[in-house]
Amino acid sequence: ANALRKLQANDRKGIGFVEGHGELSDLETEGIGRVLKESYDLARLDLRSFEVDSVSGQISIAKKQAQLNRFDLLVIAKPRETFADLDKYLLDQFVMQGGKIIWLIDAVFADMDSLSTKNQALSYPLDLGLNDILFRYGVRLNDHLVQDALCAEIPVVVNQVNGVPQYEFFPWLYFPLAMPYQDHPIVSNINPVRFEFPSSIDTIVTPGVQKTIPLSSSRYTKTTQAPTNIRLSSLNEQPQPEEFTEQYLPLAILLEGTFTSNFKNRLQPRDGNGEELSLIEESKATAQIVIADGDVLKNQFQRGEALRLGYDKFTGNQYGNEDLILNA
């Protein structure tokens with residue numbers, strides 16, 4: 001079926017991976033990139049890089065918008081720096097013209113690398129400046145961490161034999177294995193999707209926008225408000241069932257319909273000459289997906305080579321991350 005679809009395609013859709021805010025690098029997304037290139041034109045787009053008029057010295061907003069509109073889909077994968085109003089204006093107007101976006105956003109900073117050298121690390125909310133635009137489109141990312149009894153295992157060095165580390169595997173509650181919340185083509189028949197330090201997503205009443213929850217936590221879930229200390233020693237602690245009282249928290253939301261511009265009834269960004277930029281206030285019919293974890297798109301490495309997205313080199317498990325993104 002996939003081969004027939006490729007043969008019948010008259011044009012290849014364009015996918016742009018957004019850069020400029022500390023997003024995942026080309027190498028960190030190489031696993032999914034290799035697969036996407038089989039069916040799509042793939043490129044990276046620096047949202048903060050503009051052409052400058054040689055006469056006036058002003059940046060060209062129009063040329064940046066034309067560059068954006070060559071893509072059918074934008075992917076925003078784990079940004080780490082704040083989005084300025086002009087960044088959000090460009091993304092907003094891309095959506096207003098029918099463009100689609102997959103947002104993979106960390107609402108809380110938490111990193112396993114920090115735990116590799118010490119027993120605990122501080123997690124804290126990330127202010128990326130995206131709360132207003134996501135709220136207008138119909139979702140809110142919560143600044144807490146989701147812990148789930150249905151989770152992936154991580155390797156921990158327990159011994160050394162002739163200088164070779166010996167590992168044991170322990171369930172790590174901060175790495176939920178998300179399951180389909182409802183029957184939908186995006187998550188149909190895929191393996192559990194591995195998340196790393198996700199938050200949950202609330203939906204907002206948004207006229208004209210239909211919301212679908214493709215992935216959620218399990219029925220045994222708890223949340224911890226950030227900031228909080230994450231302790232590696234908690235691996236040795238038995239989870240208390242009475243604490244895991246939350247159920248089926250949304251970890252991904254599909255938004256479909258017509259969206260209202262984030263800049264409607266607000267002060268609009270201005271160009272280099274101080275003039276207000278043009279504004280489309282209502283979108284064409286389009287769709288967006290918000291996923292509450294940037295690491296869903298991040299591949300592991302082995303001997304310097306990027307592995308297939310969703311493959312865990314320690315356990316040999318193949319999670320459903322790649323299928324999720326391809327279906328999306």
Under 4.0 Å between a side-chain nitrogen and a carboxylate oxygen: does that hold for Asp132 and Lys88? yes
Output for pair (Leu115 CG, Ile154 CD1), nearest 0.5 Å, gives 8.0 Å
For the OG atom of Ser123 and the CD1 atom of Ile230, what is their distance to the nearest 0.5 Å? 4.5 Å
Verify same cluster id: Val296, Ile289 (apolar side-chain graph, 4.5 Å): yes
Neighbour count >12 (heavy atoms, 6.0 Å) for atom CZ, Phe135: no
Report yes if some heavy atom in the side chain of Glu256 is under 4.5 Å from a heavy atom in the side chain of Thr212; otherwise report no. yes
Can you name the closest pair of heavy atoms from Ala152 and Leu177 and give their distance? N-CG, 3.7 Å
When you measure from the side chain of Thr82 to the backbone N and O of Asp127, does any donor-acceptor pair fall under 3.5 Å? yes
Would you say the side chain of Glu81 lies within less than 4.5 Å of the side chain of Arg48, judging by non-hydrogen atoms? yes
Quick one: are Leu324 and Ile190 in side-chain contact, heavy atoms under 4.5 Å? yes
Quick one, Leu73 and Tyr40 - any side-chain contact, counting heavy atoms below 4.5 Å? no
Looking at Thr286 and Gly99, would you say the former's side chain and the latter's main chain have a donor-acceptor pair under 3.5 Å? yes
Shared hydrophobic cluster for Val290 and Met96 (ILVMFWY, side-chain gaps under 4.5 Å): yes
With rounding to the nearest 0.5 Å, note down the distance linking CD1 in Ile325 to CD1 in Ile102. 5.5 Å
Mind listing the closest non-hydrogen atom pair of Lys211 and Gly138 along with its distance? CE-O, 3.3 Å
Quick check: do Phe259 and Gln288 have side-chain heavy atoms less than 4.5 Å from each other? yes
Cut-off 3.5 Å, side chains only: do His21 and Glu23 have a donor facing an acceptor? yes
Ignoring hydrogens and geometry beyond distance, is a side-chain donor-acceptor pair present between Glu246 and Thr223 at under 3.5 Å? yes
Just by distance, do the side chain of Asp293 and the backbone of Asp106 share a donor-acceptor pair under 3.5 Å? no
Supply the atom-to-atom distance Arg70 CZ to Leu45 CG, rounded to the nearest 0.5 angstrom. 8.5 Å
State which residues pass side-chain hydrogen bond (donor to acceptor under 3.5 Å, both in side chains) with Thr315; sequence neighbours excluded, sorted by chain then number. Asp312, Asn317
Tell me whether Lys264 is salt-bridged to Glu282, with the criterion being a basic N under 4.0 Å from an acidic carboxylate O. yes
Which atoms form the tightest heavy-atom contact between Asn262 and Asp92, and what is the distance? N-OD1, 2.8 Å
For Phe175, the option from Phe169, Phe197, Tyr319, Phe314 that meets ring pair (Phe, Tyr, Trp, His ring centres under 6.0 Å): Phe197
Could you list the residues that satisfy ring-ring contact (aromatic ring centres under 6.0 Å, His included) with Tyr124, not counting sequence neighbours? Phe109
Taking the side chain from Asp323 and the backbone from Val187, do they hold a donor-acceptor pair closer than 3.5 Å? no
When you look at NZ of Lys13, are more than 12 heavy atoms from neighbouring residues, nucleotides or ligands closer to it than 6.0 Å? no
Start with the C-alpha distance between Lys100 and Asp72, add both sets of side-chain angles, then the distance that settles side-chain contact (heavy atoms from CB on, under 4.5 Å), and finish with yes or no. CA-CA 6 Å; Lys100 300 179 179 181; Asp72 300 281; over 6 Å; no
Test item: Phe301 and Leu307 side chains (from C-beta on) under 4.5 Å apart, heavy atoms: no
Identify whether Tyr137 and Ile201 are in the same connected component of the hydrophobic contact network (ILVMFWY, side-chain heavy atoms under 4.5 Å). yes
So, Thr206 side chain and Val209 main chain: donor-acceptor pair closer than 3.5 Å or not? no
Indicate, with yes or no, if Leu141 and Val18 share a hydrophobic cluster defined by side-chain heavy-atom contacts under 4.5 Å among Ile, Leu, Val, Met, Phe, Trp and Tyr. yes
Measure the shortest side-chain to side-chain distance between Tyr181 and Leu249 over non-hydrogen atoms and say whether it is less than 4.5 angstrom. no
Between Glu153 and Trp172, do the side chains contain a donor N or O and an acceptor N or O under 3.5 Å apart? no
Gln93 side chain to Ile280 main-chain N or O, any donor-acceptor pair under 3.5 Å? yes
Determine whether Ile253 and Tyr248 fall in the same hydrophobic cluster, where Ile, Leu, Val, Met, Phe, Trp and Tyr are linked whenever their side-chain heavy atoms lie under 4.5 Å apart. yes
Testing the basics here: between Pro180 and Leu215, what is the closest heavy-atom pair and its distance to 0.1 Å? N-CD2, 3.9 Å
Looking only at heavy atoms, what is the nearest atom pair of Leu297 and Ala77, with distance? CD2-CB, 3.6 Å
What distance separates Leu309 CG from Glu28 CD, expressed to the nearest 0.5 Å? 12.0 Å
Distance alone, cut at 3.5 Å: any donor-acceptor contact between the side chains of Thr224 and Gln147? yes
Apply the test side-chain contact (heavy atoms from CB on, under 4.5 Å) to residues Glu322 and Val35: give CA-CA distance (whole Å), side-chain angles for both, the deciding distance (0.1 Å), then the verdict. CA-CA 9 Å; Glu322 179 182 287; Val35 183; 3.7 Å; yes
Go through it in stages, so that I can follow the logic: the residues are Tyr174 and Glu196, the test is side-chain contact (heavy atoms from CB on, under 4.5 Å), and I'd like the CA-CA distance, side-chain angles, deciding distance and then a yes or no. CA-CA 6 Å; Tyr174 293 99; Glu196 298 184 8; over 6 Å; no
Just by modelled atom types, is the Ile186 backbone N or O under 3.5 Å from a matching donor or acceptor in the Asn327 side chain? yes
Taking the six-membered ring of Phe244 as reference, does the cationic atom of Lys222 (NZ for Lys, CZ for Arg) lie under 6.0 Å from its centre and within 45° of its axis? yes
For Glu51, look at atom CD and say whether over 12 heavy atoms of other residues, nucleotides or ligands are found less than 6.0 Å away. no
Quick one: do Asn142 and Ser199 satisfy side chain to side chain donor-acceptor pair (under 3.5 Å)? Show the steps, please. CA-CA 6 Å; Asn142 294 305; Ser199 60; over 6 Å; no
Indicate yes or no for a side-chain donor-acceptor contact from Asn299 to the backbone of Gly31 under 3.5 Å, with no hydrogens or angles considered. yes
If the threshold is 4.0 Å, N to carboxylate O, is there a salt bridge linking Glu237 and Arg231? yes
To the nearest 0.5 Å, what is the distance between CG (Leu255) and OG1 (Thr203)? 9.0 Å
Less than 4.0 Å between a side-chain N and a carboxylate O, is that true for Asp295 and Lys78? yes
With no hydrogens and no angle check, is any side-chain donor or acceptor of Ser261 less than 3.5 Å from a backbone partner on Phe263? yes
For the student: nearest non-hydrogen atoms of Pro239 and Pro241, plus distance: O-CD, 3.3 Å
Hey, is CD on Gln225 packed in by over 12 heavy atoms from elsewhere, all under 6.0 Å? yes
Output, in order, the C-alpha distance, side-chain angles, deciding distance and verdict of side-chain contact (heavy atoms from CB on, under 4.5 Å) for Leu91 and Leu47. CA-CA 9 Å; Leu91 295 173; Leu47 205 60; 3.9 Å; yes
What I'd like to find out is whether the side chain of Phe71 reaches to under 4.5 Å of the side chain of Ile15, using heavy atoms alone. no
Side chain of Lys64, backbone of Ser49: donor and acceptor closer than 3.5 Å? yes
